[in-house]
Amino acid sequence: MPTNSLDRDLEHLVLVVDLEATCCDRGSIPDAEMEIIEIGACWAYMDGTVVDRFECLVRPTLHPDLTSFCRDLLSIRQEDVDGAEALSTAALRLSEFVSRRRDHGIAWGSWGAFDPNQMSRECHRLGIADPIQLPHQNLKQRFAKARRIGKQVGMKKALELVGLDMQGTHHRALDDALNVARLLPWI
């Protein structure tokens with residue numbers, strides 16, 4: 001197992017979060033109007049051991065109809081988000097999930113800057129509190145630095161670089177969060 005640049009004290013946990021959002025390939029949804037449609041999160045020890053999981057689908061409101069590009073990329077069906085909860089409700093449930101282990105949590109991390117930026121933008125737009133309220137770590141950036149690879153790579157490529165296979169469905173929030181947790185020992 002590689003040396004971890006983060007504290008390896010097994011009393012400390014990292015909250016790994018992955019968000020999926022409305023998207024398109026033809027510019028019909030401006031970046032500022034992308035909306036979270038799935039939240040996946042897990043609490044994991046620094047060695048990658050996952051101790052708790054959270055997932056939920058979220059109903060978009062600005063662009064409620066998913067583009068075919070979005071449905072194909074994310075493997076999320078229109079009827080799944082049509083019957084999903086509002087982000088304000090999902091954020092409350094995520095906050096409760098975070099609170100269960102916050103005393104042992106040292107940070108939350110995501111694979112890149114998209115997730116904290118998207119969460120912040122939507123919380124601001126809706127006037128709701130940030131459901132996480134822990135310091136954020138860009139795990140994609142930390143991986144590139146720890147591995148001395150010079151550039152940041154996608155999660156799937158990072159898994160390849162350390163000899164791990166992708167588990168689950170790529171671009172599904174919980175599966176991606178669990179795969180990022182598996183990369184913690186190399187960060």
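Quick note: residue numbers are just sequence positions, from 1.
A distance-only check finds no donor-acceptor pair linking the side chain of Asp80 to the backbone of Ile76 [under 3.5 Å]. The backbone N or O of Met34 sits nowhere less than 3.5 Å from a side-chain atom of Arg121 that would complete a donor-acceptor pair. Although no hydrogens or angles enter the test, the distance criterion places no donor-acceptor pair under 3.5 Å between the side chain of Arg125 and the main chain of Glu33. Side chain of Asp115 to main chain of Ser110: no donor-acceptor pair is present (N/O by atom type, distance under 3.5 Å, no hydrogens or angles). Proximity of a side-chain donor or acceptor of Asn179 to a complementary backbone N or O of Gln167 within less than 3.5 Å is detected. Not one N or O on the side chain of Thr49 forms a donor-acceptor pair closer than 3.5 Å with the backbone of Tyr45.
Glu38 has a carboxylate O that lies under 4.0 Å from a charged side-chain N of Arg172, or vice versa, which qualifies the two as a salt bridge. Between Glu96 and Arg93 there is no salt bridge, since no side-chain nitrogen of the basic residue lies less than 4.0 Å from a carboxylate oxygen of the acidic one. At a threshold of 4.0 Å, the pair Asp52-Arg100 counts as salt-bridged, since one of the basic side-chain nitrogens sits closer than that to a carboxylate oxygen.
The ring pair (Phe, Tyr, Trp, His ring centres under 6.0 Å) pairs that include a residue from residues 138-176 are Trp111-Phe143, where partners are two or more places apart or lie in different chains.
Summarising the geometry of Cys123 relative to Ala129, their closest heavy-atom pair is SG-O, 3.8 Å, with the distance given to 0.1 Å. When all heavy atoms of Cys23 and Ile29 are compared, the closest pair comes out as O-CD1, 4.0 Å. For Ile149 against Leu161, the heavy-atom pair with the smallest separation is CD1-CD1, 4.1 Å. Of all heavy-atom pairs spanning Gly105 and Leu134, the tightest one is O-CD2, 4.3 Å. Summarising the geometry of Cys42 relative to Ala177, their closest heavy-atom pair is SG-O, 3.7 Å, with the distance given to 0.1 Å. Closest approach of Ile39 to Leu87, counting heavy atoms only: CD1-CD1, 4.2 Å.
One finds the CG atom of Asp18 at 4.5 Å from the CG atom of Asp176 (value rounded to the nearest 0.5 Å). One finds the CG atom of Leu174 at 11.0 Å from the CD atom of Glu20 (value rounded to the nearest 0.5 Å). Once rounded to the nearest 0.5 Å, the distance linking OG1 of Thr22 with CG of Leu62 reads 8.0 Å. With rounding to the nearest 0.5 angstrom, the CG atom of Leu15 is 11.0 Å from the CD1 atom of Ile106. We find the OG-CD distance between Ser120 and Glu122 to be 10.5 Å, quoted to the nearest 0.5 Å. To the nearest 0.5 Å, atoms CE (Met166) and CZ (Arg182) are separated by 8.5 Å.
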side-chain contact (heavy atoms from CB on, under 4.5 Å) between Leu184 and Asp47, worked out: CA-CA 6 Å; Leu184 286 174; Asp47 68 356; over 6 Å; no
Using side-chain contact (heavy atoms from CB on, under 4.5 Å), reason through Gln137 and Trp108 one step at a time and then give a plain yes or no. CA-CA 6 Å; Gln137 294 288 317; Trp108 80 279; over 6 Å; no
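Neither Leu13 nor Leu178 shares a network with the other; the hydrophobic side chains, linked directly or stepwise wherever heavy atoms of I, L, V, M, F, W or Y lie under 4.5 Å apart, form separate groups for each. Ile37 and Leu73 end up in the same hydrophobic cluster when Ile, Leu, Val, Met, Phe, Trp and Tyr side chains are linked at under 4.5 Å. Side-chain heavy atoms closer than 4.5 Å link hydrophobic residues (I, L, V, M, F, W, Y) into clusters, and following such links, even through other members, never connects Val50 to Val180.
Under the 3.5 Å distance criterion, with hydrogens and angles disregarded, no donor-acceptor pair is assigned to the side chains of Gln78 and Arg71. For His63 and Glu35, the side-chain atoms include no donor-acceptor pair closer than 3.5 Å.
A 6.0 Å sphere centred on CZ of Arg102 holds more than 12 heavy atoms belonging to other residues, nucleotides or ligands. Other residues, nucleotides and ligands contribute over 12 non-hydrogen atoms within 6.0 Å of the CG atom of Asn117.
Note: Phe97 and Trp43 have tilted aromatic rings, judged against thresholds of 30 and 60 degrees for the angle between ring planes.
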